[in-house]
2 protein chains.
Amino acid sequence: MAKQYERIADQLRQRIRAGELEPGQRLPAETALAKEYKTSLPTMRDALGLLLSEGLIDKKHGVGNFVRKPRKLVRRDNARHQWEKDRARAAETERQATGATERDTGLTISDLSFHATYSEVPADEDLAAHFGVPVGTRLVERVYRTNHREEASPFNIVRSYLVHDVVAANPDLLDPSKEPWPGGTQNQLHTIGIELDRIVERVTARPPTVEETEELGLQGGVAVVVLRKTSIDTSGRVVEVSDVTMPGDRTELIFTTTLDRW
Amino acid sequence: MAKQYERIADQLRQRIRAGELEPGQRLPAETALAKEYKTSLPTMRDALGLLLSEGLIDKKHGVGNFVRKPRKLVRRDNARHQWEKDRARAAETERQATGATERDTGLTISDLSFHATYSEVPADEDLAAHFGVPVGTRLVERVYRTNHREEASPFNIVRSYLVHDVVAANPDLLDPSKEPWPGGTQNQLHTIGIELDRIVERVTARPPTVEETEELGLQGGVAVVVLRKTSIDTSGRVVEVSDVTMPGDRTELIFTTTLDRW
DNA sequence: GAGTGGTCTAGACCACTGT
DNA sequence: CAGTGGTCTAGACCACTCC
């Protein structure tokens, strides 16, 4: 004896999978569906809520429910780090041509729009522990939002932290008007004599906060993927920590691990 | 003019964060809460539904709503691959001592329970493309479920694929009664003369299917994290593909990328 | 059996979107 | 303004858990 709203959801799911309802197509109005399935409106809405949480439909207030189109994935590949390192010492003209994000996504610079904000913040406990500095140490916080130029919501939000007194050696690094910086963070660090030895990335997923739901334009049961990147220089010191927040339904992370030979 | 169920959710959220309601503690009954907040039961249930989707509470039918305890994370580190490779040629007694999962989780073999199923399946389009073999090629599918011995639901489900005719060189590899195999897949491959060169891991997150919700014991807005691991041998051939499905709220993936020196 | 959350109804009214 | 989804009510009955 299955629950009614599950049975209805099953039937709708099947109609979607069978292609009877095509991606992007509007579903009948909820009142019409309730009549069609001989149930009450709230129950029909429960059934649609299930499909929403499974990412099968989008709801648009005042417009209708739509079969969700498969998302274009944004890829991020850990080979980007070596690639960026190789370019960190290249001439500016070469660095300007392409950034790591364009490399990952296969898009050109003109497809992307990019917004950066700089501010100064004291290290909280978490960041202090990562950097190995006292709580309250002055950090530079840089927030980046990257969009496809033709899409409303950003496909990631990056919060990058540097120790203020370390990067102050080059005042340009404190100047947001220099963004986007050709060659990225590794080139910025190169200007103050820092070479990276390795990058540690920690990936987790969690339900979005209400702010993230709005900022990233999320719907339904979609989670956010959070990547914390820690950059370590050749002396073993942590020189950058950054948190990348991405919509779980549009993100694909690739990591290649090369093994020593026998 | 905020919606009522959001205002109620806000207040409950605050009571939880303030510690007035402690992790693990039962909330008042829904009918009692509805009375307390002077609203109807369905509206109160909408508010609780919000908290559920944010992962703040757990619902237990017939028992009550509880403030969710912070989850113990299961870690998976890409250093496990080199570690496993180093042990692939070790003596059996050493291999038996610990496996890669124990290494990742910090648990001992006796904390973990382990279930394996083998079967033979024809390659679908996706797998055929990965292995570079014709669709329909015989594959060995091995399904693993790993539990904390004291917890109901597994913390991951692994589907691992090998090309049947390649691994048949050692009949033991087709015999599920040999599980758990000391030393893992890399040792298994070593017995048929295969050495791995690199491992590519692709990470995505998506809403769980209904089956996954049950199998992994998920609640609320929790997503599943799916990791597709592709193992490539020293001749550049794909020798294993495996899909690891993990609950997003209990999983932490660590990837370290080492960079070449200037 | 008592108490809890789960499902469902029938209907009212509000808020958003497009024409 | 017409049509859509969003919020909310008051109450009935079912299903699960625990004592």
Side-chain angles (χ1 to χ4, degrees), chain A residues 1-13 16 21 24-68 152-153 210 213-214 217-221, chain B residues 1-12 16 21 24-68 152-153 210 213-214 217-222:
Chain A
M1 148 86 197
K3 300 139 219 173
Q4 192 175 173
Y5 73 99
E6 279 189 358
R7 281 193 294 102
I8 295 171
D10 284 345
Q11 292 177 50
L12 288 172
R13 236 186 311 247
I16 290 173
L21 300 166
Q25 190 182 333
R26 220 203 80 195
L27 274 65
E30 301 185 346
T31 50
L33 283 172
K35 203 164 288 178
E36 182 181 341
Y37 286 99
K38 301 189 199 316
T39 186
S40 70
L41 220 193
T43 299
M44 177 52 68
R45 288 177 57 72
D46 282 350
L48 292 170
L50 256 188
L51 301 186
L52 180 67
S53 80
E54 291 164 17
L56 283 170
I57 64 171
D58 284 322
K59 285 179 156 281
K60 287 192 199 168
H61 189 173
V63 186
N65 298 309
F66 297 82
V67 179
R68 182 177 286 192
S153 40
V210 280
T213 303
E214 286 176 15
L218 300 178
Q219 277 244 347
Chain B
M1 146 84 196
K3 302 138 216 172
Q4 191 175 173
Y5 73 99
E6 279 187 358
R7 281 193 295 101
I8 294 171
D10 283 346
Q11 292 177 49
L12 288 172
I16 291 173
L21 300 166
Q25 190 181 331
R26 220 204 79 197
L27 273 66
E30 301 185 347
T31 49
L33 284 172
K35 204 164 289 178
E36 182 182 341
Y37 285 98
K38 301 190 199 315
T39 187
S40 69
L41 221 192
T43 299
M44 176 53 68
R45 288 176 57 73
D46 282 349
L48 292 169
L50 257 188
L51 301 187
L52 180 67
S53 79
E54 290 165 17
L56 283 171
I57 63 172
D58 284 322
K59 287 180 154 281
K60 288 192 198 166
H61 190 173
V63 186
N65 297 310
F66 297 83
V67 179
R68 182 178 287 193
S153 41
V210 280
T213 303
E214 286 177 16
L218 299 178
Q219 278 244 343
V222 174

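Any value given below was found using the heavy atoms of this structure, including those in side chains, with hydrogens, waters and symmetry copies removed. Chain letters run A, B, ... following the sequence lines, proteins first and then strands; every chain starts at 1. Remember, it's a predicted structure, so these values are computed and weren't measured experimentally.
Remark: C1' of dG6(C) and CD of E6(A) are 11 Å apart, rounded to the nearest angstrom. The distance between atom CG of D58(B) and atom P of dT4(C), rounded to the nearest whole Å, is 18 Å. Taking atom OH of Y37(A) as the reference point, atom P of dT9(C) lies 15 Å away to the nearest angstrom. The distance from atom CG of L33(A) to atom P of dG5(D) is 8 Å, rounded to the nearest whole Å. Remark: C1' of dG3(C) and CD of E30(B) are 12 Å apart, rounded to the nearest angstrom.
Taking the charged nitrogens against the carboxylate oxygens, D10(A) and R13(A) do have a contact shorter than 4.0 Å, which makes a salt bridge.
Residue whose closest nucleotide on DNA chain C sits further toward the 5' end, between K38(A) and L27(B): L27(B).
The shortest distance between side-chain heavy atoms of I16(A) and I57(A) falls below 4.5 Å.
The CG atom of D58(A) lies 10.5 Å from the CG atom of L27(A); values are rounded to the nearest 0.5 Å. D46(A) contributes atom CG, which lies 10.5 Å from atom CG of L41(A) (distance to the nearest 0.5 angstrom).
With sequence neighbours excluded, no residue satisfies side chain to side chain donor-acceptor pair (under 3.5 Å) with T31(B).
Of the candidates dC8(D), dG5(C), dG6(D), dC8(D) carries the atom nearest the Q4(B) side chain, counting heavy atoms from C-beta on. Distances were taken from every side-chain heavy atom of Y5(A) (C-beta onward) to each of dC8(C), dT7(D), dT4(D); the shortest belongs to dC8(C). For K59(A), taking side-chain heavy atoms from C-beta onward, the closest of the listed nucleotides dG5(C), dG6(D), dC8(C) is dG6(D).
Note on N65(B): a side-chain N or O is less than 4.0 Å away from OP1 or OP2 of dG5(C). Within the 4.0 Å cut-off from OP1 or OP2 of dT9(C), at least one side-chain nitrogen or oxygen of T39(A) is found.
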Residues R68(B), E54(B); criterion side-chain contact (heavy atoms from CB on, under 4.5 Å); working and verdict: CA-CA 10 Å; R68(B) 182 178 287 193; E54(B) 290 165 17; over 6 Å; no
Verdict with supporting geometry, L12(B) and L50(B), side-chain contact (heavy atoms from CB on, under 4.5 Å): CA-CA 11 Å; L12(B) 288 172; L50(B) 257 188; over 6 Å; no
Pair R26(A)-K60(A), side-chain contact (heavy atoms from CB on, under 4.5 Å): steps then yes or no: CA-CA 10 Å; R26(A) 220 203 80 195; K60(A) 287 192 199 168; over 6 Å; no
Expected rows: protein N/O vs nucleotides 16-19 of chain D N/O, under 3.5 Å:
none

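For DNA chain D, the neighbouring residues in residues 41-49 of chain B, judged by any heavy atom under 4.0 Å, are P42(B), T43(B).
Residue T39(B) is tested with R7(B), R45(B), Q4(B) for a side-chain hydrogen bond (donor to acceptor under 3.5 Å, both in side chains); the sole match is Q4(B).
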